[in-house]
Number of protein chains: 2
Amino acid sequence: MLKFTTKAEYSLRAMAILAKNYKKTAVSLAKIAREEKISKVYLEQLFSKLKKNHLVTANKGVNGGYILLRSPENVSAADIIEATEGSLEPFYCVSPKGNCCAKKGCLTRKMWIKVHQGIKITLENTKLSDLIK
Amino acid sequence: MLKFTTKAEYSLRAMAILAKNYKKTAVSLAKIAREEKISKVYLEQLFSKLKKNHLVTANKGVNGGYILLRSPENVSAADIIEATEGSLEPFYCVSPKGNCCAKKGCLTRKMWIKVHQGIKITLENTKLSDLIK
DNA sequence: TAAAAACCTAGTAAAATACTAGGTTTTAGT
DNA sequence: ACTAAAACCTAGTATTTTACTAGGTTTTTA
């Protein structure tokens, strides 16, 4: 029904906490889970993706946790949501791979692409630093 | 994963066919189902919603079918998608009813509202007449 | 009166979502 | 060296949503 899932919301909130601690301390998922009342293991799954996308790095062991790799001014909501939710494309045929209709003059494709652009611009213009203000 | 479903795509395509026959003939769901290769009964469910939302009217019986109630210039993609998919809100807390976080200063709500506005504007500016051009 | 249309409700298979269970590996402090 | 706390990993699962199907009834026109 055109909804972002909890993956987007949870990862934004968790990353906002890392942003608040940027250049100070690493933050453990246990702490984030407690503060935001999110399943810790679910957070682990999200952070695995955030790490693969080079948005965070991690320290293992006591006093370990996650750290932002870039400053909060340089991490957008689009970066985070694309990492955890997948693409921002609002319909399958927007993708160049999605050849559902691209060949014959597809009625709706242009519109979906416009919607995609709109979503992308808004989320790219929203930085972690904006969220924690 | 922020995807419109087939409900949006199917109803847009079906409505485009009605638009092409505007002021000419009623079009049966059997015909649309054949042309667009969509389940007829699934289309019935979508058209039940389109009718409830006063976008179409129907004639029963032989040579019956559906007819646009407004001209293709006056029906937007937003009208159609809101009728069949539900709201265009990209996250639950955008709704005034969604009091998930509205009370305390919610980090993400403002951003979701911007995304919503962007989607809405694009879909409102796309009319059935644009789709069939 | 028969065919073709809308109209209606309930059920269902498949996919996605949002988790949990139950580990291992690594590291810091004692 | 030991222990606790952290990341890291894989598989399973309950719930919800999606995209239908089944099996009708009612209305209208030729």
Side-chain angles (χ1 to χ4, degrees), chain A residues 1-11 13-14 17-18 21 25-53 55-69 81 84-87 89-92 100, chain B residues 1-14 17-18 21 25-53 55-69 81 84-87 90-92 100:
Chain A
M1 212 225 253
L2 193 77
K3 288 274 184 285
F4 285 101
T5 67
T6 58
K7 282 174 198 157
E9 181 74 9
Y10 288 174
S11 55
R13 288 173 181 275
I17 293 176
L18 297 202
N21 289 278
T25 55
V27 185
S28 73
L29 296 188
K31 198 185 173 196
I32 297 173
R34 230 179 299 124
E35 281 185 15
E36 294 291 335
K37 278 152 199 158
I38 302 171
S39 148
K40 199 198 102 195
V41 184
Y42 197 42
L43 277 175
E44 285 178 356
Q45 290 164 16
L46 300 179
F47 272 81
S48 154
K49 291 176 182 174
L50 293 169
K51 202 182 168 190
K52 267 183 199 147
N53 283 270
L55 298 174
V56 296
T57 188
N59 296 335
K60 283 189 173 184
V62 178
N63 296 328
Y66 285 90
I67 299 165
L68 286 189
L69 273 177
I81 295 173
T84 54
E85 285 250 29
S87 91
E89 290 160 1
F91 201 67
Y92 298 97
C100 58
Chain B
M1 213 226 254
L2 193 78
K3 287 273 184 286
F4 285 100
T5 67
T6 59
K7 282 175 200 159
E9 181 73 9
Y10 288 174
S11 55
L12 285 169
R13 288 173 180 276
I17 293 176
L18 297 201
N21 290 279
T25 54
V27 186
S28 73
L29 295 189
K31 198 185 173 199
I32 296 174
R34 229 179 301 123
E35 284 185 12
E36 295 290 336
K37 280 153 198 158
I38 300 170
S39 148
K40 200 198 102 194
V41 185
Y42 196 42
L43 277 174
E44 285 179 355
Q45 290 163 15
L46 300 179
F47 271 81
S48 154
K49 289 177 185 175
L50 293 168
K51 201 182 170 192
K52 267 184 200 147
N53 282 270
L55 297 174
V56 297
T57 188
N59 296 335
K60 282 187 176 185
V62 178
N63 297 329
Y66 284 91
I67 300 164
L68 285 189
L69 273 177
I81 296 174
T84 55
E85 285 251 29
S87 91
F91 201 68
Y92 298 97
C100 58

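Every chain is numbered from 1, with letters handed out A, B, ... down the list of sequences. All values below come from the heavy atoms of this structure, side chains included, with hydrogens, waters and symmetry mates left out.
Side-chain to base pairing of Q45(B) with dT18(D): no donor and acceptor N or O lie closer than 3.5 Å to each other. You'll find a donor-acceptor pair under 3.5 Å spanning the side chain of E44(B) and the base of dC8(C), going by distance alone.
The side chain of V41(B) lies closest to dT21(D) when the candidates are dA28(C), dT21(D), dA7(D). With dC9(D), dA6(C), dT17(C) as the choices, the nucleotide that has an atom nearest any side-chain atom of K7(A) turns out to be dT17(C). The listed nucleotides are dT10(D), dT18(D), dA5(C); the one nearest the side chain of M1(A) is dT18(D).
Remark on DNA chain D: of its neighbouring residues V62(A) and N59(A), the 5'-side contact belongs to V62(A), judged by nearest-heavy-atom nucleotide. The residue among F4(A) and N63(A) whose nearest nucleotide of DNA chain C lies closer to the 5′ end is F4(A). Toward the 5′ end of DNA chain D lies the nearest nucleotide of L29(A), the other residue of the pair E85(B) and L29(A) mapping further downstream.
Put simply, S28(A) has no side-chain N or O that comes within less than 4.0 Å of OP1 or OP2 on dA7(D). For dA19(D), the OP1/OP2 oxygens have a side-chain nitrogen or oxygen of T6(B) closer than 4.0 Å. Dashed line: the shortest gap from a side-chain N or O of Y42(A) to OP1 or OP2 of dC9(D) is not under 4.0 Å. OP1 and OP2 of dA16(C) both lie 4.0 Å or more from every side-chain N or O belonging to T5(A). Side-chain N/O atoms of Y66(B) include one lying less than 4.0 angstrom from OP1 or OP2 on dC7(C).
Checked by atom type and distance alone, the side chain of E85(A) never pairs as donor or acceptor with a backbone atom of F4(A) at under 3.5 Å.
Contact record, N63(B) with A26(B): O-CB, 4.5 Å, taken as the closest heavy-atom pair. Shortest non-hydrogen contact noted between M1(A) and T5(B) is N-CG2, 4.0 Å. Shown here for E35(B) and I17(B), the closest heavy-atom pair between the two residues is OE1-CD1, 3.6 Å.
Residue contacts for Y10(B): at a heavy-atom cut-off of 4.0 Å it reaches the sugar-phosphate backbone alone, with no base atom in range.
Atom NZ in K40(A) sits roughly 12 Å away from atom C1' in dG23(C) (whole-Å rounding). Atom pair E9(A):CD and dA18(C):P shows a separation of 11 Å (rounding to whole Å applied). Computed from coordinates, the K60(A) NZ to dT26(C) C1' distance equals 5 Å when rounded to whole Å. Taking atom CD1 of residue I67(A) and atom P of nucleotide dA7(D), one finds them 11 Å apart after rounding to whole Å. Between the CG atom of L43(A) and the C1' atom of dC19(C) there is a distance of 11 Å, given to the nearest Å. Taking atom NZ on K31(A) and atom C1' on dA7(D), their separation rounds to 17 Å, with Å as the unit. Between L46(B) atom CG and dC8(C) atom C1' there is a gap of 15 Å when expressed in whole angstrom units. Look at CG on L50(B): it is 11 Å from P on dC7(C), rounded to the nearest Å.
Both the sub-6.0 Å distance and the 45° axial angle are not jointly satisfied by K3(B) relative to the ring of F91(A).
Within the 4.5 Å cutoff, side-chain heavy atoms of Y42(A) are placed close to those of K7(A).
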